[in-house]
Amino acid sequence: MRRAVIAGTGSALPRRQVTNAQLAETVDTSDEWIVERTGIRMRYIAGEGETTSSLATDAARRAIESAGIEPSAIDLIILATATPDQTFPASATIVQTALGIDDCVSFDVQAVCSGFLYALSVADSMIKSGAARHALVIGAETFSRILDWEDRTTCVLFGDGAGAVVLRGEDSESGVLATRLHADGRHNQLLYVDGGPSTTQTVGKLRMKGQEVFRHAVTNLAEVLREVLAAADLTVADIDWVVPHQANRRILDATARKLGLPAERVVITVDQHANTSAASVPLALDTAVRDGRIKRGDLLVLEAMGGGFTWGAAAIRY
Ligand code: UT7
């Protein structure tokens with residue numbers, strides 16, 4: 001059966017690391033509060049010259065290298081981001097040019113923290129339909145540029161970064177087994193940016209009612225995880241690794257408990273990277289592939305939930 005197989009992974013982080021203690025020098029917060037409430041210990045913040053497309057390009061180069069192909073073999077680029085370099089053109093086309101790819105299908109998707117799951121699902125469909133052979137799927141963000149640095153309830157939670165995978169269409173038992181996506185726009189006032197080209201003509205700042213998002217996250221994530229497992233005819237016991245969106249350690253623990261999943265089977269990077277929105281799942285995936293936790297043949301479940309609300313999951317034989 002033709003499937004989209006993960007041929008390579010890559011990731012990239014900005015140069016500057018910022019610890020909780022460093023943040024507490026300018027924001028009314030403490031290392032103790034951030035660690036206890038979120039599990040975050042540090043995050044990376046983009047500096048001069050570092051943009052969503054530059055981080056995406058670095059992550060993409062590493063994914064292409066680990067897939068053992070030339071950039072010219074890529075015929076589809078989907079970049080998930082809510083913080084593009086410009087309102088248009090799509091940052092995916094900037095990455096395409098930086099990689100030296102003359103002609104391919106190239107576009108951005110915007111589903112905030114679930115963006116990578118949305119992008120992966122679209123790429124999977126295009127590969128299965130024969131519209132693409134080698135897809136580069138990237139999640140990249142510079143959320144530091146849409147944070148209100150005076151709002152301690154949000155600015156301590158996010159970081160910048162990028163992650164990427166190369167999907168290859170081939171007849172295989174491995175690859176993307178099933179994906180499930182959801183959205184419910186009734187909740188868009190719980191997590192949003194208060195600006196945009198068609199309303200304020202400004203970029204705007206992130207606003208969130210954290211406690212309410214938290215409650216929805218645990219319920220939605222546990223449900224979509226069960227749903228994608230059922231679609232692939234698998235159970236929680238078959239999972240080798242859950243690679244979740246890294247928003248808050250307490251959400252990861254509560255979701256695992258709800259599913260009866262041992263905590264040792266959840267990839268956790270939120271302590272190192274904080275919440276990097278669409279970048280967080282591919283960044284965690286690449287981290288766990290490179291440090292040897294995730295091995296060929298493992299059953300992975302990727303999941304995420306974010307503004308919109310949007311949420312989704314993918315079951316993948318790595
Ligand atoms: O990626 C998209 C999905 N996003 C999420 O999943 C985020 C989901 N939400 C969360 O992760 C959590 O709700 C937060 C981490 C945002 C907040 O944790 P919480 O346990 O829900 O805290 P809280 O909002 O109930 O605030 C508790 C207290 C408040 O003080 P009072 O009113 O009890 O006196 C806050 O003012 O903590 C205070 N507080 C802080 N204190 C020190 C809020 N932020 C901070 C801070 N430092 N940074």
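Owing to the predicted nature of the structure, the values given are computational and were not obtained by experimental measurement. Atoms within a ligand are numbered from 1 in the order they appear, just like the ligands themselves.
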How many angstroms lie between CE in M42 and CG in L23, if you round to the nearest 0.5 Å?
11.5 Å

Please list the nearest protein heavy atom to atom 10 (C) of ligand 1 with its residue and the distance rounded to 0.1 Å.
N248 ND2, 3.5 Å

Rounded to the nearest 0.5 Å, how far apart are CG of N220 and OG1 of T255?
10.0 Å

Any idea which heavy atoms bring V270 and Q246 closest together, and the distance?
N-OE1, 3.0 Å

Quick one: which ligand 1 atoms are inside 4.0 Å of a heavy atom on T153?
43 (C), 44 (N)

Could you find the nearest protein heavy atom to atom 47 (N) of ligand 1 and give me its residue, atom name and distance?
T29 OG1, 2.7 Å

When only distance counts, is I34 in polar contact with ligand 1, meaning an N/O pair under 3.5 Å?
no

Closest non-hydrogen protein atom to atom 40 (C) of ligand 1, residue and atom name please, with distance?
W33 CE2, 3.3 Å

Does R15 count as lying over the ring of Y44, i.e. NZ or CZ under 6.0 Å from the six-ring centre, within 45 degrees of the axis?
no

Kindly say whether T142 contributes a backbone atom to a donor-acceptor pair with the side chain of T83 at under 3.5 angstrom?
yes

Quick one: nearest non-hydrogen protein atom to atom 2 (C) of ligand 1, plus distance?
C113 SG, 3.5 Å

Strictly inside 4.0 angstrom of atom 32 (O) of ligand 1, do you find any protein heavy atom?
no

Closest to atom 9 (N) of ligand 1 among G210, G39, S114, A278 (heavy-atom distance)
G210

Would E173 and R317 pass as an ion pair if we require N to O under 4.0 Å?
no

Please could you name the atoms of ligand 1 that L157 approaches to less than 4.0 Å, counting only its heavy atoms?
15 (C), 16 (C)

What is the nearest protein non-hydrogen atom to atom 27 (C) of ligand 1, stated with its residue, atom name and distance?
R37 NH1, 3.5 Å

Whether L191 lies under 4.0 Å from ligand 1, heavy atom:
yes

Can you find a protein heavy atom closer to atom 13 (O) of ligand 1 than 4.0 Å?
yes

Run the numbers for me: atoms of ligand 1, each under 4.0 Å from some heavy atom of M208, listed by number.
4 (N), 7 (C)

Any N or O of T38 closer than 3.5 Å to N or O of ligand 1:
no

Protein heavy-atom contact under 4.0 Å for atom 29 (C) of ligand 1?
no

Check ligand 1 against V156 and write out every atom of the ligand that is under 4.0 Å from a heavy-atom position of the residue.
48 (N)

Assess whether a salt bridge exists between D58 and R62, defined as any Lys/Arg side-chain N lying under 4.0 Å from an Asp/Glu carboxylate O.
no

Provide, to 0.1 Å, the distance between atom 36 (O) of ligand 1 and the closest protein heavy atom, together with that atom's residue and name.
R152 NH2, 3.2 Å

CH2 of W311 to CD of E227: how many Å apart, nearest 0.5 Å?
9.5 Å

To the nearest 0.5 angstrom, please state how far the CZ atom of R152 sits from the OG1 atom of T26.
13.5 Å

Among R250, Q211, H245, which one puts a heavy atom closest to atom 18 (O) of ligand 1?
R250

What pair of heavy atoms forms the shortest contact from R61 to A98, and how long is it?
NH2-O, 3.1 Å

Could any protein non-hydrogen atom be found less than 4.0 Å from atom 20 (O) of ligand 1?
yes

Shortest non-hydrogen contact from D108 toward P84:
OD2-CB, 4.2 Å

Taking both backbone and side-chain atoms of N275, is any N or O found less than 3.5 Å from an N or O belonging to ligand 1?
yes

Is R133 salt-bridged to D75, going by a charged N under 4.0 Å from an acidic O?
no

At under 4.0 Å between heavy atoms, is it the side chain or the backbone of V27 that contacts ligand 1, or both, or neither?
neither

In terms of residue, atom name and distance, what is the protein heavy atom nearest to atom 6 (O) of ligand 1?
I251 CD1, 3.1 Å

Keeping the roles fixed (side chain from S54, backbone from E50), state whether a donor-acceptor pair exists under 3.5 Å.
no

Closest approach of A24 to T29 (non-hydrogen atoms, all atoms of both residues):
CB-O, 3.4 Å

Strictly inside 4.0 angstrom of atom 4 (N) of ligand 1, do you find any protein heavy atom?
yes

Which atoms from ligand 1 have a heavy atom of A247 less than 4.0 Å away?
1 (O), 5 (C), 6 (O)

For ligand 1, which atoms have a heavy atom of V213 less than 4.0 angstrom away?
3 (C), 4 (N), 5 (C), 6 (O)

Where does the angle between the aromatic ring planes of H216 and H187 fall among parallel (under 30°), tilted (30 to 60°) and perpendicular (over 60°)?
tilted

